[in-house]
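Worksheet for the structure shown next.
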Amino acid sequence: MIRRLLVANRGEIALRIIRACRELGIETVAVYSEADRRAPHVAAADRAVGIGPAPAAESYLSIPRILDAARASGADALHPGYGFLAENPACAAACEQAGVIFVGPPSQVIAQMGSKIGARRLMQTAGVPVVPGETPDDQNDDGLRRAVDRVGLPALVKASAGGGGKGMRLVRRAEEIADAIQAARREAVAAFGDGTLYVERLVERPRHVEVQVFADGHGQVVHLFERECSVQRRHQKIIEESPSPALTPALREQMTGAAVQAARAAGYRNAGTIEFLIEGTGNDARFYFLEMNTRLQVEHPVTEQVTGVDLVRAQLVVASGGPLPWPQSALTQRGHAIEARIYAEDPSHGFMPQAGRLLLYREPRLPGVRIDSGVVEGGDVSIYYDPMIAKVVATGETRECATARLIAALRDYPILGIRTNVPLLLRILEHPRFQAGDIDTGFLDGEGAALAEAPDIETPPWVRAALAAGDESAIDNQPSAMNWDPWRQLRDWRG
């Protein structure tokens, strides 16, 4: 078993990993930038090592500094979490060369599946359905234009490397082809250092459904069912749930089988996700391989809630050389789980990221509600990193029950000092289309502007009173921001 683990990340995922290590008796080492010196994950770990200035490129994205921290702390393993170096094959290779266990797949698998073109070819060979398209050998503008002509319009011109919608352009008319190719290539080179492009037929109004897979080093590959991820903004997921309201039992069996087949074809090990697009509905629906995420997903708690397993614990067991703790026959879906991501951003002003001190931050304590967060009251939200501050996961016997619990939790989640997307999340969850399960990846493209610009949901009276009576300067006079209590600043106010 791993003896001492370096957590090469920050925020809520670092805390999540640290908690799993405590159960297994594994010592933990946190890393932190200058901006995170007093962050919760630093205090939670057994040891902590500084790795440089606040910008991620000089700290959390620096492979030499991360490996130096592993050596200095005597860590025998490294967990990358998600984001930062999680899908960087150079990081996994550096760990392999240094004799440090990388909690994830082998470096060559990360590299293979990180190339969308390479992954697409592998899936075709393995018999997994892929979106009709073409990867031209001739990568100049004329070669790509001819590929678009053969695939047909509407089409997507996409970067082979990276993800998150970067290096991707939609083409609906012939006169848009040249600009789309050049724009996609420029963005791909800037974001990933690789301008290789391919062309896919546009799947109109698809649903985005992913399957959690897990493999060990003993030949076992299992799936842990699906997660619906169609509520997205600019290809970034906002709300995820399981089971998917779109899947029939037959379609679920086909997709999960294809996901296991894909993982086997890749020679995969540890936790990963096979992402699919679904075209059509019911028995007429068709699914296509989109990409593989060679890491733990942000939305992994959704799967944990409906299967009753601990994915992070299993990652550590498998990385230590052990077998998967459960066979496929032991894995079942129970009830329904739904997750919302809380971001420090202002939807009414172009989703501008927010930074500042959390003057009031109280997580709800309700039946069937799980909170994974990386912040504390009185702490600061930094300008340097991803603005997600928490994930709220509600579980219930049915989708309706889980959704109602999530709405209740978000309404009982006071956050003051910065703006968040909580009002937007509530509007999405209460929207008739979402309530009916009638969503696709274009849902927020069509409804998002109106939902973002709608008047804020009324702040509860007790929160308004706390804000009016509070004294922000009092934070600095407390011995610790962790102990700061805004209710002490309410003077004569009574609720």
For [X] versus [Y], what's the shortest heavy-atom pair and its separation?
| X | Y | result |
| --- | --- | --- |
| Val209 | Ser244 | CG2-OG, 3.9 Å |
| Cys91 | Phe102 | SG-CE1, 4.2 Å |
| Gly219 | Asp216 | N-OD1, 3.3 Å |
| Ala390 | Ser373 | CB-CB, 3.7 Å |

Please determine whether side chain to side chain contact (heavy atoms under 4.5 Å, CB included) holds for the pair Glu87 and Met113, giving the CA-CA distance in whole Å, both sets of side-chain angles, and the decisive distance to 0.1 Å. CA-CA 10 Å; Glu87 291 184 283; Met113 301 310 290; over 6 Å; no

Between Leu78 and Leu85, does a side chain to side chain contact (heavy atoms under 4.5 Å, CB included) hold up when you go through it step by step? CA-CA 11 Å; Leu78 180 151; Leu85 297 171; over 6 Å; no

With a 4.5 Å heavy-atom cut-off, do Arg120 and Lys158 have their side chains touching? no

Out of curiosity, [X] [atom1] to [Y] [atom2], how far, rounded to the nearest 0.5 Å?
| X | Y | atom1 | atom2 | answer |
| --- | --- | --- | --- | --- |
| His79 | Arg295 | NE2 | CZ | 11.5 Å |
| Phe289 | Phe276 | CZ | CZ | 7.5 Å |
| Asp194 | Arg185 | CG | CZ | 11.0 Å |
| Ser320 | Leu24 | OG | CG | 8.0 Å |
| Ile415 | Arg362 | CD1 | CZ | 12.5 Å |
| Leu197 | Ile117 | CG | CD1 | 7.5 Å |

Do the side chains of [X] and [Y] get close enough for a salt bridge, i.e. N-O under 4.0 angstrom?
| X | Y | value |
| --- | --- | --- |
| Lys391 | Glu299 | no |
| Asp380 | Arg357 | yes |
| Arg65 | Glu58 | no |
| Arg201 | Glu279 | yes |
| Asp68 | Arg71 | yes |

For Thr28 and Asp46, run side chain to side chain donor-acceptor pair (under 3.5 Å): C-alpha distance rounded to whole Å, both residues' side-chain angles, the deciding distance at 0.1 Å, then the answer. CA-CA 5 Å; Thr28 54; Asp46 297 304; 3.3 Å; yes

Taking Gln212 as the fixed residue, which of Gln297, Glu304, His223, Arg227 is the one that meets the side-chain hydrogen bond (donor to acceptor under 3.5 Å, both in side chains) rule? Arg227

What residues form a side chain to side chain donor-acceptor pair (under 3.5 Å) with Arg233, not counting sequence neighbours? none

Cation-pi check, Arg399 onto Phe434 ring (under 6.0 Å, within 45° of axis):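 Positive - Arg399 is close enough to the ring of Phe434 and near enough to its axis.
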
Sorted by chain and number, sequence neighbours left out, side-chain contact (heavy atoms from CB on, under 4.5 Å) with Val222 holds for Phe214, Leu224, Leu324, Trp326, Gln328, Leu331

Taken in chain and number order and not counting sequence neighbours, the residues that satisfy side-chain contact (heavy atoms from CB on, under 4.5 Å) with Arg38 are none

Short side-chain donor-acceptor distance under 3.5 Å, Glu210 and Thr273: no

Would the Tyr60 and Tyr385 ring centres measure less than 6.0 Å apart?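 Yes - the distance between ring centres of Tyr60 and Tyr385 falls below the 6.0 Å cut-off.
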
Check step by step if side chain to side chain contact (heavy atoms under 4.5 Å, CB included) holds for Arg37 and Val42. CA-CA 7 Å; Arg37 184 176 298 274; Val42 176; over 6 Å; no

I'd like to know whether Arg341 forms a salt bridge (Lys or Arg N to Asp or Glu O under 4.0 Å) with Glu240, so could you lay out the CA-CA distance, the side-chain angles of the two residues, the decisive distance to 0.1 Å, and finally the verdict. CA-CA 9 Å; Arg341 304 185 189 188; Glu240 303 97 351; 2.7 Å; yes

Under the criterion side chain to side chain contact (heavy atoms under 4.5 Å, CB included), I'd like the reasoning laid out for Val103 against Asn270: C-alpha separation, chi angles, the key distance, then a yes or no. CA-CA 7 Å; Val103 183; Asn270 218 277; 4.3 Å; yes

